[in-house]
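Quick notes on the structure that follows.
Worth saying up front: this structure is predicted, and the values here are computed from it rather than measured. Hydrogens, waters and symmetry mates are skipped; everything else that's a heavy atom, side chains included, is used.
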Amino acid sequence: MKRVLSRVRNLDVYPKVNEDFYSRTLSGGLITLASSIAIFFLLVSELGLYLQTVKETKLVVDTSRGEKLKINFDITFPAVSCVLLSLDAIDISGEQHLDIKHAVIKERIDDKGNLIQVRTHDHIGNPKMGKPIQKHGGEIQHNETYCGSCYGAELSSDECCNSCDEVREAYRRRGWGVMNPDLFDQCKREGFVQRIKDEEGEGCTMYGSLEVNKMAGNFHFVKSFHLENLHAPHDVKCYKEDGYNISHRINKLSFGDAYPGIINPLDGVHWFQETPNGMYQYFIKVNFTETHSSFLHFLTNICAIVGGIFTVAGIVDSFIYHGHKALKKKMEIGKLG
């Protein structure tokens, strides 16, 4: 066992010198102090870089074509009722998504921003109407499949619009405005105009997420009907007073999955519309190139700083010590000569 320990001891590349042979100098003390201060500031700087998220600019080939990007949003519109608010998305390839409802939630709010609790029996007692009108014009018969008319907005002869929302989407797809939704059997049966009246003066908070292609495009929140020309004056009042007031507050708007330290620049942004009608746009570039140094990289840099400064300091100290010693020796030889 002693022989093994002796062999291990012979591997020591740091031989110890007896303290009796140490020679401490003023220059060595100054160099040690200066190197210690340098090590301290460099370590603090390196720690700050390690804790900081680094933004890099890279030019790479995008191999993720066809993948989807998730957009999370939570936006409040104090002057647009939920029944009139819709979400659309379109990209440069021409792909459109109109009146997106999947994973999107609307909450009615009053003029003070308080949530309006909707009771499940709010619409109980509405007058009953006859059977739905088929596309060919007659009422639906027993065991007959319902296919409602799109009122000229269908893209093919076999397309059906079985709800007011589907009629609205068909008209918006065509770029047409609607003068009176009560002319549509589906909207009349669902009491669409009555819902507009019920939500008069309310606002809406819309939140959720949507998935879009990873390419340039836009998504926008719009009023889904142009209803300024209804025949009855009292029907016009409920949505014409606020015009197209799209004042809004962005509670949250983020792209992709969340991760610690992410900053969403539009969170908390609000805009108040002063003119009767208007449109507001945000131009955003999403670029996920933020990186973070690994702990091993941080540890390597620490070792390099400490070892490098001590090595350089040792070389400088040795140069000064031996230079001073040689100069002193020459001076003594000169005096003797």
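Taking each heavy atom of C204 and I109 in turn, the nearest pair found is N-CG1, 3.5 Å. Taking all atoms of both residues into account, the shortest heavy-atom contact from S156 to D158 is OG-OD1, 2.7 Å. In this structure, N72 and G256 approach most closely via the heavy-atom pair ND2-O, 3.4 Å. Counting all heavy atoms, side chain and backbone alike, N162 lies closest to E166 at N-OE1, 2.7 Å. Of all the heavy atoms in I100 and A89, the pair that sits closest is CD1-CB, 4.0 Å. Annotation for M206 and K106: closest pair CE-CE, 3.4 Å, computed over non-hydrogen atoms.
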- Task: Evaluate the criterion side-chain hydrogen bond (donor to acceptor under 3.5 Å, both in side chains) for residue pair Q134 and E139; output intermediate values, then yes/no.
- Result: CA-CA 6 Å; Q134 289 281 40; E139 292 186 350; over 6 Å; no
- What's the verdict on side-chain contact (heavy atoms from CB on, under 4.5 Å) for D165 and E169, showing C-alpha distance, side-chain angles and the deciding distance? CA-CA 6 Å; D165 286 342; E169 181 173 349; over 6 Å; no
- Message: Assess the residue pair E190 and S163 against the criterion (side-chain contact (heavy atoms from CB on, under 4.5 Å)); give the C-alpha distance rounded to whole Å, side-chain angles, the decisive distance to 0.1 Å, and a yes or no.
- Response: CA-CA 8 Å; E190 296 175 14; S163 67; 3.5 Å; yes
- Query: Hey, mind stepping through D110 and E202 against side-chain contact (heavy atoms from CB on, under 4.5 Å) and telling me if it holds?
  - Reply: CA-CA 5 Å; D110 59 24; E202 295 181 2; 5.8 Å; no
- For L210 and F73, run side-chain contact (heavy atoms from CB on, under 4.5 Å): C-alpha distance rounded to whole Å, both residues' side-chain angles, the deciding distance at 0.1 Å, then the answer. CA-CA 9 Å; L210 70 152; F73 61 89; 3.6 Å; yes
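By the criterion of side-chain heavy atoms lying less than 4.5 angstrom apart, applied directly or through intervening Ile, Leu, Val, Met, Phe, Trp or Tyr residues, V104 is grouped together with L69 in one hydrophobic cluster. Residues F40 and I37 share a hydrophobic cluster, clusters being chains of Ile/Leu/Val/Met/Phe/Trp/Tyr side chains in contact below 4.5 Å. At a threshold of 4.5 Å between side-chain heavy atoms, the hydrophobic network of Ile, Leu, Val, Met, Phe, Trp and Tyr places F219 and Y207 in two separate groups. At a threshold of 4.5 Å between side-chain heavy atoms, the hydrophobic network of Ile, Leu, Val, Met, Phe, Trp and Tyr places I31 and Y321 in two separate groups. Neither V83 nor I116 shares a network with the other; the hydrophobic side chains, linked directly or stepwise wherever heavy atoms of I, L, V, M, F, W or Y lie under 4.5 Å apart, form separate groups for each.
Put simply, CG on L85 and OG on S81 are 8.0 Å apart, with the number rounded to the nearest 0.5 Å. Once rounded to the nearest 0.5 Å, the distance linking OG1 of T205 with CZ of R108 reads 12.5 Å. Note that CG of D198 and CD of E200 are 9.5 Å apart. Values are rounded to the nearest 0.5 Å. Rounding to the nearest 0.5 Å places CG of N251 at 11.0 Å from NE2 of H270. Distance check, rounded to the nearest 0.5 Å: CG of N143 to CD of Q141 gives 10.5 Å. Considering OG of S254 and CG of D267, their distance stands at 7.0 Å, rounded to 0.5 Å.
More than 12 heavy atoms of other residues, nucleotides or ligands shown are found within 6.0 angstrom of NE2 on H220. Residue-environment remark: NZ (K325) stays at or below the threshold of 12 foreign heavy atoms within 6.0 Å.
Side-chain contact check for N264 and K252: no donor-acceptor pair (N or O, by modelled atom type) lies under 3.5 Å.
Annotation: side chain of H324 is not in contact with side chain of S27 (no heavy-atom distance under 4.5 Å). When side chains are defined from C-beta on, H297 does not count as touching L299, because their heavy atoms never get closer than 4.5 Å.
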Quick one: side chains of residues 146-153, donor-acceptor pairs under 3.5 Å with protein atoms, not counting sequence neighbours, listed by atom name and distance.
unit_1, atom_1, unit_2, atom_2, d
S149, OG, Y151, N, 2.9
Y151, OH, D185, N, 2.8
Y151, OH, Q186, OE1, 3.2

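Residues satisfying the side-chain contact (heavy atoms from CB on, under 4.5 Å) criterion with L266, sequence neighbours excluded, are I250, L253, V269, Y282, I284.
A salt bridge links E159 with R173: the distance from a Lys NZ or Arg NE/NH1/NH2 to an Asp or Glu carboxylate oxygen falls below 4.0 Å.
The aromatic rings of Y50 and F295 sit perpendicular to each other, their planes meeting at more than 60°, with 30° as the lower class boundary. Between H248 and Y280, the ring-plane angle classifies as tilted under the 30° and 60° cut-offs.
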